Number of protein chains: 2
Amino acid sequence: MESYKIPKRSVERLSIYKRILKVIMDAGFTTVSSSELAERAGLNPAQVRKDLVYFGQFGTPGMGYQVSTLHRAITRIMGLHKKIPVALAGAGNLGQALLSYQGFKDRGFIIESIFDNDPEKVGKMKNGIKIRNEKNSSSEIKDKKIKVGIISTPSSAAQSIANKLIEGGIKGILNFAPIELKVPSGIIVVNVALCEKLEMLSYYLSKRKIL
Amino acid sequence: MESYKIPKRSVERLSIYKRILKVIMDAGFTTVSSSELAERAGLNPAQVRKDLVYFGQFGTPGMGYQVSTLHRAITRIMGLHKKIPVALAGAGNLGQALLSYQGFKDRGFIIESIFDNDPEKVGKMKNGIKIRNEKNSSSEIKDKKIKVGIISTPSSAAQSIANKLIEGGIKGILNFAPIELKVPSGIIVVNVALCEKLEMLSYYLSKRKIL
DNA sequence: CGAAATTTGTGAATATTATCACAAGGAATT
DNA sequence: AATTCCTTGTGATAATATTCACAAATTTCG
Ligand SMILES: NC(=O)c1ccc[n+]([C@@H]2O[C@H](COP(=O)([O-])OP(=O)(O)OC[C@H]3O[C@@H](n4cnc5c(N)ncnc54)[C@H](O)[C@@H]3O)[C@@H](O)[C@H]2O)c1
Ligand SMILES: NC(=O)c1ccc[n+]([C@@H]2O[C@H](COP(=O)([O-])OP(=O)(O)OC[C@H]3O[C@@H](n4cnc5c(N)ncnc54)[C@H](O)[C@@H]3O)[C@@H](O)[C@H]2O)c1
């Protein structure tokens with residue numbers, strides 16, 4: 001049923017290749033080899049080729065890859081060629097940083113709804129949108145047909161807001177709260193494990209007797 | 001030279017176990033089994049046991065793990081039992097969110113220096129610290145003996161600020177800029193690949209014809 | 001045009017990670 | 001104290017992921 005088994009890591013790297021291709025393209029180069037890409041991404045050239053071949057044959061032996069063609073192909077493969085409306089739950093410190101992040105817009109992710117439960121915040125405008133009460137999130141998401149949600153509430157509220165988003169029709173969640181969300185099958189959750197990363201850093205530095 | 005090869009993933013999961021143990025401890029339980037931990041972390045019980053055994057034998061057959069003992073052990077293994085001074089480069093949207101994040105303090109990460117290059121920001125106070133000009137970052141870090149840095153500048157500035165931090169004696173970097181930093185061997189970089197995560201979400205949703 | 005130089009795509013070989021499955025250890029129960 | 005019931009730690013096995021290495025394709029250059 002699944003189109004071949006493509007490693008999750010390969011998908012994540014696709015995003016990295018796209019970013020690097022953009023840089024190369026802007027620098028005026030028209031072709032690039034797998035070893036050049038690998039060098040810039042800190043990977044093995046064979047891995048770059050394997051990753052790309054999961055999605056099609058983009059290269060020309062003796063020459064490499066057409067930068068703009070490959071960039072466009074990856075953009076399309078990842079579904080980034082059209083705008084994606086997004087709902088944001090939790091307009092706190094992190095939520096507001098995400099709201100004003102240009103990089104999301106550049107990639108086509110448009111935040112179209114914002115939810116919070118703080119009466120101080122509900123009703124206020126942010127980035128041209130009115131912050132709504134999280135109680136109404138399901139129906140608003142349903143109305144706006146939004147499929148992607150970002151959770152940046154405290155972890156205590158994350159599961160309940162996830163349920164509401166899903167009830168409203170959200171199919172994919174980017175979760176910043178340090179908690180494993182329980183979701184029905186078919187719903188995709190991607191966690192941004194920020195604290196874990198910092199703690200990993202602490203581990204490696206401690207091990208080397210640096211801290 | 002390296003003490004056994006412990007998978008990076010195991011280290012990251014250690015951090016997850018610690019978080020879950022805290023929840024279980026606060027709920028008043030004194031012991032926990034690998035299957036309970038696995039259930040809550042969305043993992044396989046054997047994996048939980050394997051992960052823990054990399055670091056020591058903490059369990060009692062027939063009973064499981066002593067919650068508080070294991071929590072303390074992990075905290076120590078990860079070097080989180082003492083305060084860790086941190087330098088933050090880039091006091092923009094994200095940087096300011098990180099600054100006011102209680103979770104970092106709770107985990108012992110104390111931001112003691114902030115650098116920016118925006119004359120509007122330099123000199124202003126944030127969380128009780130004066131934002132310094134990034135030009136002076138090396139010497140200030142050297143003076144304060146800070147070993148951990150967080151980079152939340154635009155990616156165009158990330159490499160140069162990384163160089164300065166390292167020059168000042170920083171050994172570990174948590175990097176939010178979407179770029180692969182080049183660093184001397186011995187310096188540890190952990191990337192928070194936020195855009196990649198969102199793009200992955202887009203990919204999986206597109207593949208399922210949801211977007 | 002033909003030879004040399006590149007560089008892809010890929011099967012095979014490694015290496016790494018995750019899961020299974022069970023003997024052995026210890027707790028709880030009678 | 002014997003029995004039953006759990007649950008660990010771990011060797012064996014399976015699944016994944018990465019790297020090697022090379023034939024085939026194509027460009028470049030003489
Ligand atoms: N800020 C960071 O740098 C950072 C770093 C790592 C992880 N995180 C995680 O991200 C999440 C957000 O962090 P933050 O610093 O922005 O916290 P915050 O407290 O500043 O913001 C949380 C926001 O969520 C709102 N909220 C609470 N309950 C809600 C509900 N039921 N529905 C909708 N909104 C609700 C609050 O009113 C607040 O505006 C937390 O889970 C935190 O652990 C944050
Ligand atoms: N904000 C987000 O939600 C988000 C999400 C994903 C990734 N990121 C990444 O995080 C980084 C920061 O994002 P942001 O939204 O906070 O950007 P921002 O523009 O709001 O902030 C960047 C800050 O860095 C400062 N700066 C610039 N050059 C500097 C230098 N050489 N030394 C010190 N400081 C310098 C700027 O003055 C500014 O204050 C970027 O690389 C961005 O791609 C941000």
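Please read all numbers here as calculations on a predicted model, not as lab measurements. Order of the sequence lines sets the chain letters (A, B, ...), proteins ahead of strands, with each chain counted from 1.
Counting heavy atoms from C-beta outward, A/Lys171 and A/Ile187 have side chains that approach closer than 4.5 Å. Under the 4.5 Å side-chain criterion, counting only non-hydrogen atoms from C-beta, B/Ile161 is in contact with B/Glu134. Within the 4.5 Å cutoff, side-chain heavy atoms of A/Leu70 are placed close to those of A/Leu52.
Contact between the side-chain N/O atoms of A/Thr60 and the OP1/OP2 oxygens of C/dT8 is not found at any separation under 4.0 Å. Of the side-chain N and O atoms in A/Arg13, one or more sit less than 4.0 angstrom from OP1 or OP2 of D/dT18. At D/dT8, one or more side-chain N or O atoms of B/Arg49 fall inside 4.0 Å of OP1 or OP2 (strictly under the cut-off). An OP1 or OP2 oxygen of D/dT10 is reached within less than 4.0 angstrom by a side-chain nitrogen or oxygen of B/Gln57. For the pair A/Ser33 and C/dT7, the criterion of a side-chain N or O lying under 4.0 Å from OP1 or OP2 is not met.
The separation between B/Tyr65 atom OH and C/dG25 atom P is 16 Å, rounded to whole Å. Straight-line distance from the OH atom of A/Tyr54 to the P atom of C/dT8: 17 Å, rounded to whole Å. In this structure, the CZ atom of A/Phe58 is 17 Å from the P atom of D/dT26, given to the nearest Å. Look at CD on B/Gln47: it is 16 Å from P on D/dA15, rounded to the nearest Å. One interatomic measurement links the two molecules: CG of A/Asn44 to C1' of D/dT18, which rounds to 7 Å at whole-angstrom precision. Here the C1' atom of nucleotide D/dA15 and the CZ atom of A/Arg9 are 15 Å apart, to the nearest Å. Rounded to a whole Å, the CD1 atom of B/Ile6 is 20 Å from the P atom of C/dA15. Regarding B/Leu52, its CG atom lies at a distance of 12 Å from the P atom of D/dT10, rounded to whole Å.
With DNA chain D read from its 5' end, the first of the two nearest nucleotides for B/Val32 and A/Asp51 is the one closest to B/Val32. Between B/Ser35 and A/Ala46, the residue anchored closer to the 5' end of DNA chain D is B/Ser35, taking for each the nucleotide with the nearest heavy atom.
For the residue pair B/Gln66/B/Thr31, the side-chain donor-acceptor check at 3.5 Å is not satisfied.
The base of D/dT19 sits within donor-acceptor range of the side chain of A/Lys50, with an N or O pair under 3.5 Å.
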Under the side chain to side chain donor-acceptor pair (under 3.5 Å) rule, what do B/Ser15 and A/Glu199 come out as? Steps first, then yes or no, please.
CA-CA 7 Å; B/Ser15 172; A/Glu199 296 194 347; 2.7 Å; yes

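For A/Pro61, whose side chain is taken as the heavy atoms from C-beta onward, the closest listed nucleotide among C/dT17, C/dT8, C/dG25 is C/dT8.
Looking at heavy-atom distances under 4.0 Å, B/Ser10 makes no contact with the nucleic acid at all.
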